[in-house]
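First up is the structure itself, then whatever we jot down about it.
Each chain gets a letter, A, B and so on, in the order its sequence line appears, and its residues count up from 1.
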2 protein chains.
Amino acid sequence: MPHLKRRRRDRKITWPTPGVDSNPFQSAIKLIGFSIPFLKNVEIYAESEPADYVYKVIGGAVRCYKILNDGRRQINAFYLPGDIFGLEIGGVHAFSAEAVVDSKILLIKRNSLIEIAARDNRVARELWTLTAAELQRMQQHAVVFIMSAQERVVSFLVEIAKRGATASEIELPMRRADIADYLGLTIETVCRTLKQLEKSAAIELPTFHHVVLRKCAAPC
Amino acid sequence: MPHLKRRRRDRKITWPTPGVDSNPFQSAIKLIGFSIPFLKNVEIYAESEPADYVYKVIGGAVRCYKILNDGRRQINAFYLPGDIFGLEIGGVHAFSAEAVVDSKILLIKRNSLIEIAARDNRVARELWTLTAAELQRMQQHAVVFIMSAQERVVSFLVEIAKRGATASEIELPMRRADIADYLGLTIETVCRTLKQLEKSAAIELPTFHHVVLRKCAAPC
DNA sequence: CGGCGGCTTGATCGGTCTCAAGTACGGTGG
DNA sequence: CCACCGTACTTGAGACCGATCAAGCCGCCG
């Protein structure tokens with residue numbers, strides 16, 4: 001058991017993340033991936049571009065979206081540090097991705113990953129699991145669209161809170177417009193709803209991008 | 001089972017996918033699956049039930065949905081003959097599934113499938129591909145929620161038309177309420193919108209469940 | 001200090017929901 | 001074959017929520 005890591009030919013691990021080292025998938029992307037910085041609002045990839053890479057957020061935040069022909073924008077997901085994205089099937093990306101704030105992204109060549117998956121079933125399984133997790137998140141997100149504006153905003157805050165380190169204090173990296181396009185609302189409605197939640201003492205808004213959850217409507 | 005680890009080395013990376021007949025995934029589920037009939041409106045599985053099986057529609061139609069605590073229902077997907085569903089990750093189903101009409105469903109034991117995938121990379125890859133395709137459909141579906149009622153209905157009709165045999169003539173197996181819950185509208189709005197489309201000569205409605213697309217708004 | 005981007009706030013409009021009837025379809029039994 | 005009944009669908013009138021349009025405000029950075 002203690003020699004498990006040693007069996008591998010990789011000698012050095014650049015990013016020491018205790019507990020994850022024995023995960024062959026994480027080890028693999030550490031080896032074959034390379035990180036690139038992206039400035040705020042810079043495009044990482046665009047819709048209908050060849051999907052040659054898979055991406056992992058090291059730092060910052062990413063929004064994944066689609067623009068309709070009349071200009072409306074639908075944000076499908078926000079990716080935070082540790083999240084993997086761009087796992088779509090087919091040769092081209094179905095969505096666009098941009099850095100929400102200055103970010104550091106790990107790029108992993110798709111083909112290399114698939115080659116490794118062909119040799120190592122654990123990696124293949126991890127690819128499947130990650131895709132399934134993404135599917136589940138998407139399914140969960142679809143539920144917000146049958147809810148009222150207030151429910152959507154609350155649901156969003158709870159979602160971000162769950163993914164963050166602290167459960168009751170959130171740092172929102174994205175702008176109001178991003179939240180609006182993620183929830184299918186307008187900027188004004190998001191503002192008004194946040195204000196309303198603040199008035200009813202459900203949350204506090206010390207700054208634009210900082211939210212404190214007072215009473216948890218959903219189970220904390 | 002101890003020889004599983006050894007497999008990592010002795011297999012070569014080859015992805016022979018010539019035709020569909022030799023598709024090892026479809027062959028496998030034919031072998032280990034067994035088909036069961038489900039009557040109209042009968043539950044196939046329920047939310048938070050253990051997910052022991054993967055399902056394939058042989059005949060009929062299936063709706064996959066979630067009920068919110070206040071009774072609202074969100075239909076995530078309709079599955080038609082040939083579609084595979086229930087591919088979620090985790091031990092339990094995140095959604096419920098029901099037969100829309102009398103249907104014939106193939107049940108495949110999850111564990112058997114995973115075992116086969118562990119031995120045959122092509123099957124593992126197919127599992128991944130199917131999940132990714134489902135993810136893509138879900139992402140596509142999320143886009144309808146930023147559209148107007150009419151756009152949603154048209155988008156729905158086009159989606160069903162694409163999946164059906166004939167491009168311009170659709171047989172809708174589901175009720176109006178199902179369409180409404182799929183599109184995030186009310187029954188009345190779906191009715192009115194269909195009527196409106198009929199008036200504007202975009203469609204014809206010979207019966208409740210039969211639609212003829214006259215002029216294709218979207219590229220046919 | 002001035003300008004700009006992002007956020008907030010207000011007034012009004014319109015699309016969709018809600019509630020409430022009315023109608024067509026499909027099955028069942030006489 | 002027809003009368004009946006329940007379910008699903010259709011249609012109408014009014015209310016309401018969120019979108020839209022239009023200012024105004026704040027914080028940031030030169």
Taking all heavy atoms of A/Met138 and all of B/Ala142, pick out the closest pair and write down the distance.
-> CE-CB, 3.6 Å

Any donor and acceptor pair, going by atom type alone, linking the side chain of A/Ser168 with main-chain N or O of A/Leu213 inside 3.5 Å?
-> no

Rounded to the nearest angstrom, tell me the gap between atom CG in B/Leu183 and atom P in C/dC17.
-> 11 Å

Thinking salt bridges, do B/Lys162 and B/Glu159 make one under a 4.0 Å N-O criterion?
-> no

Check: A/Glu47 main-chain N/O paired with A/Ser96 side-chain donor or acceptor under 3.5 Å = yes

Terminal contacting nucleotides, 5' and 3', DNA chain D versus chain B (heavy atom, 4.0 Å) = D/dA8 to D/dA13

Under 3.5 Å, side chain of A/His209 to main-chain N/O of A/Met174, donor-acceptor pair present?
-> yes

Which pair of non-hydrogen atoms, one from B/Phe95 and one from B/Tyr45, has the smallest distance, and what is that distance?
-> O-CE1, 3.2 Å

Have a look at B/Ser148 and say if it touches a base, only the backbone sugar-phosphate, or nothing, with a 4.0 Å heavy-atom cut-off.
-> sugar-phosphate

d(CD1, B/Ile146; C1', C/dG15) in whole Å = 16 Å

Through what angle, rounded to 10 degrees, does the axis of the helix from C/dC1-D/dG30 to C/dG30-D/dC1 turn between its ends, using five pairs per end?
-> 30°

What string of B, S and - do you get for nucleotides 6-14 of chain C 5' to 3' if you count protein non-hydrogen atoms under 4.0 Å?
-> SSBBBB---

Determine whether more than 12 heavy atoms belonging to other residues, nucleotides or ligands lie under 6.0 Å from atom CZ of A/Arg125.
-> no

Taking only Lys NZ, Arg NE, NH1 and NH2, and the carboxylate oxygens of Asp or Glu, determine whether B/Asp181 and B/Arg63 approach each other closer than 4.0 Å.
-> no

Answer yes or no: does atom NZ of B/Lys104 have more than 12 heavy-atom neighbours from other residues, nucleotides or ligands under 6.0 Å?
-> no

Is there a donor-acceptor pair under 3.5 Å between the side chain of B/Arg152 and the backbone N or O of B/Leu185?
-> no

